[in-house]
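Notes follow the structure.
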Amino acid sequence: MDEVAAPGLASEPAPSVFRARLDRAKRFYEAHEPSCTVAFFVAGFLFDTLFVGRIDHLHNILHQASYLFLCALFISLELRELYGKFAPPPRFKAAWRYQAGATHFMLGTLLNIYTLFYFKSASMWTSFAFLLVLAALLAVNELKPFANSATTMRMGLFSMCLISYFTYLVPVLVGSIGVLPFLGSMLGASACAALLFWRLSLRMPDQPHVLVRHVALPFTGILMGFSALYFLRVLPPVPLSISAMGVYHDVRREGDRFALTMTRSRWRFWERGDQTFLARPGDAIYCFVSVFSPTRFKEELRVRWALRDPARGWEESDDIPLGISGGRDLGWRSFTAKRHYSPGRWRVRIETSDRRELGRLEVEVVPDAETGPRAARVVWK
């Protein structure tokens, strides 16, 4: 007599199917661990590209703080394990194997946030090159000849995230940027790193040289690098960022919107407004800018014009103040008008009060030989 399976019962229990798939996933991870670690890092970038919000939202600040805390915890436990000062409990031993992947995911998420903050006003290629360098560092870190430096590398990336966090958090809290908020940022990050160093020294009292090599030196190197970039005016002025910038033949405010008039052909879609400016007598070059800044944040920007001389290079022309106030999601909008100019290649830069560049574009002023009505269209911001 043939056996008949009872209705609703599978021939193979569901848990065994799940366990088999889980075992396959574990074997794949073990066979491709370096590639999977880099993939976790990239996944962190992609994850937060979709979900990152305003720089000053409380949930974003707390989210980053929780990731920084977990990264510090995992890196410290990894360092203690490396030198025989820690062993995961038996029930967590299997899960502990994946802590490197989890750390890389969180570091990827954090670095994605800070890359977006730092380079939003920079060119796309600058941002892309920066991300490629970070991914290359992680890939090199996972190669066998560099396996012993994995903890140091992760500490370096963690230090970059920690300093970046305070670099924008302190200005958000005080409502301004400048030397004092920056020094406060460096002090806050250093206090957190010192706390981590102290906690590890209590658990590894006989190996101070290990803590110096794996913790103190990576953090100090990143700290000095950030400080040099700031005082060289290379570090972008977070938490400010350019939302929109362009030059136009006319800008006027109508209610809560701005009407921007341009004569650019539609096929020149890569230009921001009338970057090829066809000038007629009486025309003014309007520079429209939308700058995001946090709530209760105030700053006076400078709109600096320069003309390129074929023999002497860029020569400064005008320096126009532009006050901004924070809080609007799409950025504080304003404009300036330049009425005295000559044909040639112009550059307009938006700078902060401490002369750090927030954005720039170039304008080619060409005399317009036409005298009749010209085609113009209006876009709204």
Side-chain angles (χ1 to χ4, degrees), residues 45 48-49 51-65 67-68 107-124 126-131 134 157-190 192 222-245 289-302 322 324-332 349-360:
F45 272 112
D48 236 66
T49 297
F51 296 104
V52 67
R54 278 181 52 140
I55 193 171
D56 58 338
H57 277 172
L58 180 60
H59 67 84
N60 277 332
I61 295 173
L62 296 178
H63 165 237
Q64 294 162 44
Y67 272 21
L68 287 168
L107 288 173
T109 297
L110 291 170
L111 287 171
N112 179 48
I113 294 173
Y114 304 135
T115 299
L116 290 173
F117 290 165
Y118 281 132
F119 296 101
K120 198 168 184 179
S121 62
S123 69
M124 180 182 66
T126 303
S127 304
F128 187 65
F130 180 75
L131 299 180
L134 293 177
L157 293 172
F158 168 76
S159 300
M160 187 182 298
C161 292
L162 181 66
I163 294 172
S164 298
Y165 178 72
F166 279 94
T167 299
Y168 92 83
L169 178 62
V170 172
V172 166
L173 295 177
V174 302
S176 65
I177 58 176
V179 175
L180 289 180
F182 176 77
L183 294 178
S185 302
M186 298 301 100
L187 182 61
S190 299
C192 291
I222 299 296
L223 183 74
M224 293 177 64
F226 267 73
S227 300
L229 291 175
Y230 176 82
F231 288 106
L232 290 173
R233 296 173 182 166
V234 175
L235 193 68
V238 290
L240 301 178
S241 63
I242 291 284
S243 301
M245 181 180 179
V289 62
S290 176
V291 180
F292 170 80
S293 60
T295 305
R296 297 184 299 277
F297 195 99
K298 293 187 180 296
E299 170 69 0
E300 183 173 89
L301 303 179
R302 313 296 296 189
L322 183 68
I324 63 167
S325 179
R328 186 174 182 270
D329 285 345
L330 298 179
W332 177 265
R349 294 185 300 172
I350 309 297
E351 296 182 351
T352 60
S353 55
D354 57 358
R355 297 217 63 171
R356 286 191 290 159
E357 185 175 299
L358 189 58
R360 72 163 67 188

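Note that the coordinates shown come from a computational prediction; the quantities given were computed from them, not determined experimentally.
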Audit row: Leu110, Leu162, side-chain contact (heavy atoms from CB on, under 4.5 Å) steps and yes/no:
CA-CA 9 Å; Leu110 291 170; Leu162 181 66; over 6 Å; no

Going by side chain to side chain donor-acceptor pair (under 3.5 Å), name the residues that satisfy it together with Arg349, two or more places apart in sequence or in a different chain.
Glu316, Glu351

Hey, mind stepping through Thr167 and Tyr230 against side-chain contact (heavy atoms from CB on, under 4.5 Å) and telling me if it holds?
CA-CA 10 Å; Thr167 299; Tyr230 176 82; over 6 Å; no

Please evaluate residues Leu107 and Phe158 with respect to the criterion side-chain contact (heavy atoms from CB on, under 4.5 Å), reporting the C-alpha separation (whole Å), side-chain torsions for both, the decisive distance (0.1 Å), and the verdict.
CA-CA 7 Å; Leu107 288 173; Phe158 168 76; 4.3 Å; yes

For a side-chain contact (heavy atoms from CB on, under 4.5 Å) check, start with the C-alpha distance between Leu68 and Tyr165, then their side-chain angles and the critical distance, and finish with the verdict.
CA-CA 9 Å; Leu68 287 168; Tyr165 178 72; 3.6 Å; yes

Could you pull out the closest heavy-atom pair between Arg233 and Asp354, with the gap in Å?
NE-O, 3.5 Å

Of all the heavy-atom pairs spanning Phe297 and Pro239, show the shortest one and how long it is.
CE1-CG, 3.9 Å

If the plane angle is over 60° it's perpendicular, under 30° parallel, otherwise tilted; pick one for Phe231 and Phe182.
perpendicular

Partner residues of Ser164 under the side chain to side chain donor-acceptor pair (under 3.5 Å) criterion, sequence neighbours left out
Tyr118

Nearest 0.5 Å, what's the OG-CE distance between Ser227 and Met186?
6.0 Å

Would you please name every residue forming a side chain to side chain donor-acceptor pair (under 3.5 Å) with Ser176, sequence neighbours left out?
none

Hey, does the side chain of Ser185 reach the backbone of Val170 with a donor-acceptor pair shorter than 3.5 angstrom?
no

Compare all side-chain heavy atoms of His59 with those of Ile61 and state whether any distance is below 4.5 angstrom.
no

